[in-house]
Chemist: 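One structure is given below, represented as structure tokens, and several questions about it will come after.
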There are 2 protein chains.
Amino acid sequence: MILRVSTKGEYGVRLMVDLARHYYSSRPRSLTDIAQAEQLSLAYLEQLVKLLREAEPPLVASTRGAHGGYRLSRPPEEITMGEIVRVLEGPIAPMICATEGEMTQICSLLDSCKTKFLWARVRDAVAQTLDSITLADLVGASEQETQNAPTHFISISDIRVAPSSAL
Amino acid sequence: MILRVSTKGEYGVRLMVDLARHYYSSRPRSLTDIAQAEQLSLAYLEQLVKLLREAEPPLVASTRGAHGGYRLSRPPEEITMGEIVRVLEGPIAPMICATEGEMTQICSLLDSCKTKFLWARVRDAVAQTLDSITLADLVGASEQETQNAPTHFISISDIRVAPSSAL
DNA sequence: AATATATCCTAGTGAGCAGGTCGGATTAAG
DNA sequence: CTTAATCCGACCTGCTCACTAGGATATATT
């Protein structure tokens, strides 16, 4: 499997989408609530959110203590999926010698140098896709109207499946 | 690491590029020679080439016995990197529920459905990139002139680093 | 015919990592 | 002072990757 999104990336993105949906709430959103809504383990989410908080620049900000929780450190339009994925999954590099940015190493073997340009192309395709999509794109414009809704519960009927052309 | 090319994919593509460079030779190319040229383990290459041979349609054809070896089953222009990578690394699917072609499953969770479209976009970007590059593109037009060269030895000075725009 | 050189096939294996769990310390609200 | 949160590090467990080993079979050359 050449494209391998681990659970870190998968759950972490879901976590961020959840936070984006609650961005205009007056209170921070607790991991307990997110874990319940997304059916994920709280202890595991704690590990992921730590990465997001310690990122430079940070993607989430925390409030400790009772009624604490997390919120996005920036509006959803200003956070790209590329940022999130890089924090959670590490740099977008298909292999050791094709890290983003650095392609200076000249290797002494015959065909491997030529294949590196292939992997670089694939890497750039992924990076460009991820960098062009923001959290706001995933949450969708219709959600923005339900701003400031205090403790906004979602039922199954609220699930909307966007047409793929919408992305 | 979201993009993860295992050694199967890496070595396998190098193997195919090597075969493409010798496509116009009169004799098949042995794995022993490839292993030496690319500094790879013979026994491991045998496993990889098996996948390429048993693929449907096959990507390489073998000749057994002394002076045997492998050759591409089609000219390099007709073999895409997408074919090779799918044979070696399996279908291009970032996660279980985003296999190529099938996106019909509707999931009951809140944000995960929305994120699936993200992963589908990434998947398509990778697939499109790989499907648009052929073995001939990687070998490079300049190589084609050295056709029919019998047992063509390559020295270090033969290594050419193509500009990335050439891809 | 004998030998050398290939492909072909199946099993096994060791290290590393994904994907968590667990227990507890710290902080703040009511 | 109790409750509800974030914070922190250690540990564990099963799976997969990346090979290696050892042979069986096929064919060209001598």
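Every chain is numbered from 1, with letters handed out A, B, ... down the list of sequences.
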Chemist: Return the value, rounded to whole Å, for the distance between atom OH of Tyr44(B) and atom P of dA21(D).
Modeler: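 Taking atom P of dA21(D) as the reference, OH of Tyr44(B) is at 15 Å.
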Chemist: Would the distance check show the side chain of Arg71(B) and the main-chain N or O of Ser26(B) forming a donor-acceptor pair, the cut-off being under 3.5 Å?
Modeler: yes
Chemist: For dA18(C), does either OP1 or OP2 sit under 4.0 Å from a side-chain N or O belonging to Tyr11(A)?
Modeler: no
Chemist: Measure the distance from CG on Leu51(B) to C1' on dC9(C) and round it to the nearest whole Å.
Modeler: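 Roughly 13 Å, once rounded to whole Å.
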Chemist: Quick one: is dG9(D) close enough that its OP1 or OP2 comes under 4.0 Å of any side-chain N or O from Lys50(A)?
Modeler: yes
Chemist: So does Ser41(B) get a side-chain nitrogen or oxygen closer than 4.0 Å to the phosphate oxygens (OP1/OP2) of dA18(D)?
Modeler: no
Chemist: Take atom CG of Leu88(B) and atom P of dC17(D), then tell me their distance rounded to the nearest Å.
Modeler: 13 Å
Chemist: Does a side-chain N or O from Ser62(A) land closer than 4.0 Å to OP1 or OP2 of dC7(D), or not?
Modeler: yes
Chemist: Between Leu42(B) and Gly65(B), just flag the one whose closest nucleotide in DNA chain D comes earlier from the 5' side.
Modeler: Leu42(B)
Chemist: Whole Å only: how far is the CZ atom of Arg71(B) from the P atom of dT7(C)?
Modeler: 13 Å
Chemist: Could you check how far CG of Leu45(B) sits from P of dT7(C), rounded to whole Å?
Modeler: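 Leu45(B) atom CG is separated from dT7(C) atom P by 10 Å.
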Chemist: Regarding dT27(C), can its base be found pairing with the side chain of Arg64(A) as donor and acceptor, where the two atoms are less than 3.5 Å apart?
Modeler: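 Flag unset: no donor-acceptor pair detected.
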Chemist: For dA18(C), does OP1 or OP2 lie under 4.0 Å from any side-chain N or O of Thr7(A)?
Modeler: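 No, outside the criterion.
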Chemist: If you pin Gln47(B) and Arg53(B) to their nearest nucleotides in DNA chain C, which one's is more 5'?
Modeler: Arg53(B)
Chemist: Can you name the nearest heavy-atom pair linking Leu48(A) to Tyr11(A), along with the distance?
Modeler: CD1-CB, 3.7 Å
Chemist: Would you confirm whether Glu89(B), through its side chain, and Gly9(B), through its main-chain N or O, come within 3.5 Å as a donor-acceptor pair?
Modeler: yes
Chemist: Heavy atoms from C-beta onward define the side chain here; which of dA28(D), dC22(C), dT20(D) lies closest to that of Ala66(B)?
Modeler: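 When the side chain of Ala66(B) is considered, dA28(D) is the closest of dA28(D), dC22(C), dT20(D).
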Chemist: Please test Arg14(B) against Glu10(B) for salt bridge (Lys or Arg N to Asp or Glu O under 4.0 Å), starting from the C-alpha separation and ending with a verdict.
Modeler: CA-CA 6 Å; Arg14(B) 277 163 66 182; Glu10(B) 180 187 351; 3.5 Å; yes
Chemist: Would you please confirm or rule out a distance under 4.0 Å between OP1 or OP2 of dT6(D) and any side-chain N or O of Ser30(A)?
Modeler: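 Negative; the distance criterion is not met.
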Chemist: Please give, in whole Å, the distance from dG30(C) C1' to His67(A) NE2?
Modeler: 8 Å
Chemist: So does Ser6(A) get a side-chain nitrogen or oxygen closer than 4.0 Å to the phosphate oxygens (OP1/OP2) of dG19(C)?
Modeler: yes
Chemist: Using atom CD of Glu46(A) as one end and atom C1' of dG23(C) as the other, report the distance to the nearest whole Å.
Modeler: 12 Å
Chemist: Val122(B) and side chain to side chain contact (heavy atoms under 4.5 Å, CB included): which single residue from Leu130(A), Ile133(A), Val5(A) fits?
Modeler: Leu130(A)
Chemist: Roughly how many Å is it from CD in Glu54(A) to P in dC7(D), rounded to a whole number?
Modeler: 9 Å
